Amino acid sequence: MHKVVISGTGVFTPELSISNAELVEAFNRYATQQNEIHADEIAAGTRAQLTMSAEDFIFRASGIEQRYVLNKSGILDPEIMHPILPERSDDELSVMAEMAVKAATEALAKAGRTAAEVDAVICAASNHERAYPAIAIEVQEALGIQGFGFDMNVACSSATFGIQAAADMIRSGSARAILMVNPEICSAHLEWRDRDCHFIFGDVCTAVLLERDDLATAPDRFEIVSTRCLTQFSNNIRNNNGFLRRTREGHMTDRRDMLFRQEGRKVFKQVVPIVSDLILTHLADENIAPAHVARLWLHQANKGMNDLIGSKVLGREPEAGEQPNILQDYANTSSAGSIIAFSQYSDDLAPGSLGVICSFGAGYSVGSVIVRKI
Ligand code: CO8
């Protein structure tokens, strides 16, 4: 069995961002317009009036201050309220593959590796822009990687499940190095006309290079000490879009359940104990006392959720820097969130330091990765 390390990470961040103020202003223009258009139905009590969104609610409830997006004009136009991404021909690199190539190039450079030294690509994300061929195989082709590639989807936990899949393959000898990429175009499966969730998500792509430690040359690398994944069925976060859509009556209508929807409060309450229990059991099984964990890189959905999980795991309030958040800048970027945090806040750790990368979300799904700085 080979020892496996993370030797490089990369983050592709879109150039455009939307502040809470811009988002709320656009939503409230849309809501006002709709209320005017449907004034008679609202007065007759056959339609509910749309309520205004509020910047202070968004920051207080989530900790989010802005989000990056691939397209801004469509999202902020009350007549459109979704991103506009030009269609590409089958011969052009797809959007998700393009984002992945950018993040992967950074990860390879950090690891001091060329594509020829990589044996596989895993594209782990909460949505893929087409059913097949796999985005991972397109990334493999674009970078000139030999071997194989495949897509996987475990919603917000895709990256940690992808790390486990890659680490297991490298450990057992079926690959020397694997590139795991997480292109997340959350803006395209978010309902920007729904006040309860319009502020939650952003776009980004992360990449992680995992390889055999005995072949790795990067000075800054993290050993994968252990991984643990858990799923438990729940309808509280759900998206009913899929290829059976055209088989059902009314499939052409813009149905709300064909985009992300959730029972946010239930998710918050139910997921926090599942996550903290999983991390604590995982650490105990590896004979690691929580006091010896130098850093938690948690999924980036909600600041309050992270504060609670951090306190439960460490048995006290986390100190500044022990549990870095990036959600104020990026919002929830699904599977990429914990990897952005890891990428931005890991260089300063001393050799031997232990940390946990943990993601959680739809499924429910939770992934925990214990790492040690080499
Ligand atoms: N402005 C003003 N008021 C608002 C707004 C708004 N924008 N939205 C809601 N309110 C109001 C509500 O109407 C409600 O009013 P009232 O009390 O009068 O009924 C009040 O504010 C409180 O509403 P909530 O109970 O909904 O608010 P919460 O305090 O629960 O906060 C959160 C909402 C922030 C969504 C919170 O519940 C949360 O973060 N929960 C955790 C969610 C989570 O972690 N989800 C993970 C999902 S991500 C995932 O798994 C990946 C899926 C794939 C990616 C999808 C990409 C699109």
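Model, not experiment: these values are computed from the prediction. The figures here come from the full heavy-atom set of this structure, side chains too, leaving out hydrogens, waters and symmetry mates. Whatever order the structure lists ligands and atoms in, that order sets their numbers, starting from 1.
Classification of the Phe27-His198 ring pair by plane angle, with boundaries at 30° and 60°, yields tilted.
Using a 4.0 Å cut-off between heavy atoms, Glu184 makes no contact with ligand 1 at all.
Taking each heavy atom of Val95 and Glu129 in turn, the nearest pair found is N-OE1, 3.3 Å. Here the closest non-hydrogen pair linking His299 and Phe360 is CD2-O, 2.9 Å.
Not one N or O of His299 is nearer than 3.5 Å to an N or O of ligand 1, by distance alone. Here's the thing with Arg195: one of its N/O atoms is less than 3.5 angstrom from an N/O atom of ligand 1.
Residues Ser158 and Ser335 bring no donor and acceptor atom of their side chains to less than 3.5 Å of each other. A side-chain N or O of Arg67 and one of Asn20 form a donor-acceptor pair less than 3.5 Å apart. Side chains of Glu184 and Ser126: a donor on one and an acceptor on the other come within 3.5 Å.
Protein heavy atom in closest approach to atom 50 (O) of ligand 1: Ala362 N, 2.6 Å. In terms of protein heavy-atom proximity, atom 42 (C) of ligand 1 is nearest to Gln262 OE1, 3.3 Å. When only non-hydrogen protein atoms are considered, atom 36 (C) of ligand 1 lies nearest to Asn302 ND2, 3.8 Å. The protein non-hydrogen atom at the shortest distance from atom 41 (C) of ligand 1 is Gly264 O, 3.6 Å. Distance from atom 22 (C) of ligand 1 to its nearest protein heavy atom, with residue and atom name: Phe57 CE1, 3.8 Å.
The contact set between ligand 1 and Gly361, taken as ligand atoms under 4.0 Å from a residue heavy atom, comprises 50 (O). When each atom of ligand 1 is checked for a heavy atom of Ser53 under 4.0 Å away, the hits are 1 (N), 6 (C), 7 (N). Residue contact check: Asn332 has heavy atoms under 4.0 Å from atoms 48 (S) of ligand 1. Which parts of ligand 1 touch Ala301 is read off a 4.0 Å heavy-atom cut-off, strictly below it: atoms 44 (O).
Taking a distance limit of 4.0 Å, we find that atom 17 (O) of ligand 1 is approached by no protein heavy atom. Within a 4.0 Å radius of atom 44 (O) of ligand 1, the protein has at least one heavy atom.
Considering Lys303, Lys269, Arg265, Met305 only, the shortest heavy-atom separation from atom 28 (P) of ligand 1 involves Arg265. With atom 49 (C) of ligand 1 as the reference point, the heavy atom nearest to it among Ser187, Ser62, Cys156 is part of Cys156. For atom 46 (C) of ligand 1, the nearest non-hydrogen atom from the set Ile237, Leu23, Asp196 comes from Ile237.
Checked against side-chain contact (heavy atoms from CB on, under 4.5 Å), Gln164 has the following partners two or more places apart in sequence or in another chain: Asp168, Thr227, Cys229.
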Should Glu286 and Arg228 be marked as a salt bridge (Lys or Arg N to Asp or Glu O under 4.0 Å) after you check the CA-CA gap, both sets of side-chain angles, and the distance that decides it?
-> CA-CA 11 Å; Glu286 295 299 327; Arg228 182 154 303 176; 5.2 Å; no
Let me check something: any side-chain donor-acceptor pairs from residues 287-298 under 3.5 Å, sequence neighbours excluded? List them with distances.
from: Arg295; atom 1: NE; to: Gly321; atom 2: O; distance (Å): 3.1
from: Arg295; atom 1: NH1; to: Tyr345; atom 2: O; distance (Å): 2.9
from: Arg295; atom 1: NH1; to: Asp348; atom 2: OD1; distance (Å): 2.8
from: Arg295; atom 1: NH1; to: Asp348; atom 2: OD2; distance (Å): 3.3
from: Arg295; atom 1: NH2; to: Asp348; atom 2: OD2; distance (Å): 2.9
from: Trp297; atom 1: NE1; to: Tyr345; atom 2: O; distance (Å): 2.9

